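Comments concern the structure below.
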2 protein chains.
Amino acid sequence: MKNGAATVFVVDDDASVRKALARLIQSVGLQTKTFASAQELLDQAPPEGPGCIVLDVRMPGLNGLELQAELTGRNIQTPIVFITGHGDIQMSVRAMKSGAVDFLIKPFNDKELLGAIKTAIEKDEYFKAAQTEHSEIQRRHQTLTPREREVLGLVVKGRMNKEIAAELGAAEKTVKVHRARVMQKMQVQSVAELVRAAERVASLGS
Amino acid sequence: MKNGAATVFVVDDDASVRKALARLIQSVGLQTKTFASAQELLDQAPPEGPGCIVLDVRMPGLNGLELQAELTGRNIQTPIVFITGHGDIQMSVRAMKSGAVDFLIKPFNDKELLGAIKTAIEKDEYFKAAQTEHSEIQRRHQTLTPREREVLGLVVKGRMNKEIAAELGAAEKTVKVHRARVMQKMQVQSVAELVRAAERVASLGS
DNA sequence: TCGAATATGGGACCTTAGTCTTATGCGGAA
DNA sequence: TTCCGCATAAGACTAAGGTCCCATATTCGA
């Protein structure tokens, strides 16, 4: 993975820790942005490129877990690596259940952290790629008219044109017209591709 | 979910804890089986119906994490709820990263445990259902001859018979024959269904 | 009120896919 | 050697899908 373009967002209220983390992370060629509090990160626009968040659990103001929840609420799923000096098991379990990539306790060795960051960034890259593809298909699906969506639904269920016509109370000819437009708008050349595209639309709500 | 038929496997080296857990779990109508050690559980045949494992981390012999790894190695993915008196964060994180449903520390309240068990059983039911369907499709796929598999691959890519014929160096007529047999053996009536079936085969290796 | 988007559908054709029957060649197992 | 599974394929259709061009009706917003 070309982690070179990735950015690691470091959130810790201790300036010296931020500095040390930034130095370590930069030493492997990653970009860093540091924040002294959860709020500072939230005020930032959501990141563009791939990246991850390295987050201290205990901080004044919003703590790490609260920030994680807030990000989830805003539908920002940048992977999070927690670090902490004084954590407990409940905290770590809660963080992991909420999807954290790792939860490290200080002092941790550099390799551990860098390994977790690498995993997190790869996860983000993978997710963002899937996301991009998915939203493109979603966009196309939204250009369909209601009737075209109905036809699409029945086509991907394997119905024949005549069956679709019967179910919708229309002429087979009309179904063909809708169907052709669906293929055009979804930008697919075959039923097989159409089925795959439709599966992805279905997989994340309409 | 009809958790009524589900079985909870309790593994703890302390007989009094086993007894208490069994009583609690049975009080909500679930079956229990208790084991004094990881090895005892492993000696048992893998469970048939839906269920989950409630597992103490610290035990003589194989500990909880080792048992989890061993089960994973044997491809048994019954969900695990860990409980512990003396755990640390590393342990909990490792358990969660390996897919544990929850990691509770004693003393926990009954609702917490029962909630985790409920989640775990639902997960198992969901997984087992998907598993069953998947292995059926897999079974059908294995009845295909090598040539039929090639044709299947190209059909679900959206290729036309004539294209498939060209790619395989065969007559279009022959492709039609293979294709018809593929539809029969995979027990589908349409290309749409075939694509979906093939996706599932592809999703878990050949 | 007028044009754009939507849904409808006929007619004419061509291309693909599917079915049924029949048949050949090959290689391995009994 | 004989039979079976596999791959091959032609002939003769039937049916299903796709593509032109064309035309009508409704609705809705500018």
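Per chain, numbering begins at 1; letters A, B, ... match sequence-line order. Bear in mind the structure is a predicted one, so any value in this text is a computation, not a measurement.
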Please name the residue in the list A:Val8, A:Thr32, A:Ile83 that meets the side chain to side chain contact (heavy atoms under 4.5 Å, CB included) test with A:Leu21. A:Ile83

Using the test side chain to side chain donor-acceptor pair (under 3.5 Å), find all partners of B:Lys128 that sit at least two apart in sequence or belong to another chain. B:Asp124

Extract, from 5' to 3' on DNA chain D, the first and final nucleotides lying under 4.0 angstrom from some heavy atom of chain B. D:dC6 to D:dG11

Which residue is it: A:Glu125, A:Lys118, A:Lys123? I am looking for the one with a side chain to side chain contact (heavy atoms under 4.5 Å, CB included) to A:Ile121. A:Glu125

Would you mind reading off the distance between A:Gln189 atom CD and C:dT16 atom C1', rounded to a whole angstrom? 16 Å

Please give, in whole Å, the distance from C:dA17 P to B:Lys176 NZ? 8 Å

If you count the non-hydrogen atoms of other residues, nucleotides and ligands that lie under 6.0 Å from CZ in B:Arg140, is the total more than 12? yes

Could you verify whether a donor N or O on one side chain and an acceptor N or O on the other, from B:Thr119 and B:Glu122, lie under 3.5 Å apart? no

How would you list, by chain and number, every residue that makes a side chain to side chain donor-acceptor pair (under 3.5 Å) with B:Arg74, sequence neighbours excluded? B:Glu70

Heavy atoms under 4.0 Å is the rule here; annotate nucleotides 2-10 of chain C 5' to 3' with B where the base is hit, S where only the sugar-phosphate is, and - elsewhere. ----SSBBB

Atom pair distance, as rounded to whole Å: CE in B:Met160 and P in C:dT15: 11 Å

With rounding to the nearest 0.5 Å, note down the distance linking CG in A:Leu65 to OG in A:Ser98. 7.0 Å

B:Ile164 CD1 to C:dT16 P, straight-line distance once rounded to whole Å: 13 Å

Establish, with yes or no, whether the OP1 or OP2 oxygen of C:dA17 is under 4.0 angstrom from a side-chain nitrogen or oxygen of B:Asn161. yes

Expected output: side-chain A:Arg58 to main-chain A:Asn63 donor-acceptor under 3.5 Å: no

Is B:His141 reaching over with its side chain to a backbone N or O of B:Val201, donor-acceptor style, under 3.5 angstrom? no

Do B:Ser135 and B:Gln138 pair up side chain to side chain, a donor and an acceptor below 3.5 Å, judged on atom types alone? no

For residues 150-162 of chain B, run the donor-acceptor check on the side chains, cut-off 3.5 Å, and write out each pair with its distance to 0.1 Å, sequence neighbours left out.
{"unit_1": "B:Glu150", "atom_1": "OE1", "unit_2": "B:Arg147", "atom_2": "NH1", "d": "3.0"}
{"unit_1": "B:Arg159", "atom_1": "NE", "unit_2": "B:Glu167", "atom_2": "OE2", "d": "2.7"}
{"unit_1": "B:Asn161", "atom_1": "OD1", "unit_2": "B:Arg179", "atom_2": "NH1", "d": "2.6"}

For the helix from C:dT1-D:dA30 to C:dA30-D:dT1, figure out the bend between the end axes, five pairs an end, and round to 10 degrees. 40°

